[in-house]
Amino acid sequence: MANGNGSPTFPADFVFGAATAAYQCEGETRTHGKGKVAWDDYLAQKGLFSADPASDFYHRYPDDLRLCREYGINGIRISIAWSRIFPNGDDDQPNPEGVAFYHRLFAECQAQGVEPYVTLHHFDTPAALYDRGDFLNREAIDAYERYARFCFAEYPEVTRWFTFNEIWAIVSNMYIEGTWPRGQRYRLDLAFQAMHNMMVAHARAVLAFEEMGHPGKIGVVHALSTKYPDDPESPGDVEAAKAADVLNNQFLLDVTFDGVYSDSSLTYAHRLASLAGGALEMTDTDLEQLAAAAPHNDCLGINYYQSNFLRAYDGPNDTRHNATGEKGTERYALAGVGEHADRPEIPRTDWDWMIYPKGLYDLVMRICRQWPRYGEIYITENGMAAKDQLVDGKVHDAERVDYIRLHLEWVQRALAEGADVRGYFVWSLMDVFSWNNGYNKRYGLFYVDFDTQERIPKDSALWYAGVAQRRCLGA
Ligand code: BGP
């Protein structure tokens with residue numbers, strides 16, 4: 001379908017959304033009965049940033065949802081903070097203040113006509129469970145299932161659920177790059193084990209959802225990125241891209257949709273785990289649960305920010321994370337996998353994330369081909385970080401507008417070729433706290449003055465409102 005100017009229109013029920021996550025926006029991190037998460041101590045020890053009050057969403061959600069309505073944003077990603085419901089992860093009784101908070105929040109979503117897409121776990125395992133090994137300790141799987149069951153029963157007003165946000169990013173930051181709490185480096189054995197254990201927890205939540213007869217839909221959000229060989233003619237580069245793909249994408253997608261790890265995923269997983277000095281354990285019950293859950297997975301959320309070009313690499317592990325926005329300081333080389341190629345002709349953000357919109361299209365079309373049982377796809381996060389400046393009450397973020405437009409153009413192309421993409425969520429709705437990067441890495445459609453908590457629409461918010469209203473990218 002095209003509008004009068006020849007620009008294709010998005011389907012009538014396409015969701016033009018924006019995303020948030022509890023720890024990055026709510027504030028009130030240790031009040032109202034909320035239990036501790038690992039980030040609380042980690043950030044305090046680093047002495048860099050505090051996630052309190054972040055964007056003060058705990059108090060200002062009515063304002064943010066009103067902005068959604070006014071700007072035509074009809075879907076919002078929200079996560080429930082597990083430790084607001086069960087302060088220690090697995091308490092006998094839930095925390096009534098936390099339970100009531102999310103009822104109020106969902107009621108406001110409904111009042112403003114904004115559909116909540118709710119994630120159960122967005123990087124914030126309760127500290128009591130984290131301290132005992134997080135998802136490497138299987139007790140976290142049991143506790144997670146209990147928490148998921150509680151939420152499904154407690155919040156029938158929510159019909160769109162995601163079990164986990166970015167299992168890959170969690171393990172990559174905790175066990176490979178070491179840039180998040182735990183801070184272990186190059187432990188690919190632990191990374192694969194934690195991915196598997198979280199996928200078992202996901203499967204058990206999906207099975208519970210099905211068994212409880214919840215009327216909504218459920219899926220998982222994966223952080224995916226296309227891995228291209230730097231030189232497609234080089235067998236070493238092709239192999240590096242393949243290994244990086246299994247690690248980031250294929251291992252998780254196989255089991256999400258097929259309920260079984262493919263032979264090639266297992267070959268890489270076992271080889272890389274043993275190279276790191278460990279081994280991967282999977283029980284028969286795990287494998288049965290993964291197989292049983294896969295057909296009940298209704299949808300996939302894709303968080304897409306960048307793609308990578310891989311080169312063969314036979315040196316030692318060597319990674320450096322750019323948390324400051326000083327361009328050109330990132331380094332990524334993994335023994336047994338490969339290294340990221342520079343590709344200076346491709347633009348990057350100040351944090352060295354490669355801007356490559358076609359990678360999103362290649363990813364979506366590859367999922368359609370390789371895992372045709374994918375259900376529905378939502379682009380659950382996509383957006384561009386910048387050091388936005390408020391000048392005379394305005395933020396002119398033309399680069400962000402270009403970034404979002406280019407990615408939406410490729411989404412349209414995937415739609416035209418038959419991919420079932422149902423919606424798109426800009427990361428982020430308003431400026432939020434950015435994990436180990438703090439507050440100068442801004443993604444929001446709405447600028448947040450973190451001193452006054454005032455929200456100011458950026459140019460991108462005005463532009464996105466027009467797209468949502470016209471349901472097309474053209475004028
Ligand atoms: C995704 C996370 C978000 C968000 C975003 C940007 O991985 O789901 O929580 O933070 O990336 O990442 P960052 O804040 O590190 O720039």
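Note: hydrogens, waters and symmetry copies are ignored here, and every other heavy atom, side chains too, is used. Just so you know, ligand 1 is whichever comes first in the structure, and atom 1 is the first atom listed for that ligand. We count residues from 1, following the sequence as given.
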Using a 6.0 Å cut-off, check whether atom CD of Gln389 has over 12 heavy atoms from anything other than its own residue. no
Is a side-chain donor-acceptor pair under 3.5 Å present for Gln24 with Trp435? yes
So Asp56 and Gln453, side chain to side chain donor-acceptor pair (under 3.5 Å) or not? Walk me through it. CA-CA 7 Å; Asp56 196 25; Gln453 292 295 341; 5.5 Å; no
For the pair Phe162 and Tyr378, name the ring-plane relationship: parallel under 30°, tilted 30 to 60°, perpendicular over 60°. perpendicular
Per-pair distances, 0.1 Å, donor-acceptor, side chain in residues 43-50, under 3.5 Å, sequence neighbours excluded:
residue: Ser50; atom: OG; partner: Asp52; partner atom: N; Å: 3.0
residue: Ser50; atom: OG; partner: Asp52; partner atom: O; Å: 3.2

Residue by residue, ordered by chain and number, which ones reach under 4.0 Å of ligand 1 with a heavy atom? Gln24, His122, Phe123, Asn165, Glu166, Asn303, Tyr305, Trp353, Glu381, Trp427, Ser434, Trp435, Asn437, Lys441, Tyr443
Using side-chain heavy atoms (C-beta onward) and a distance below 4.5 Å, is Trp161 in contact with Leu120? yes
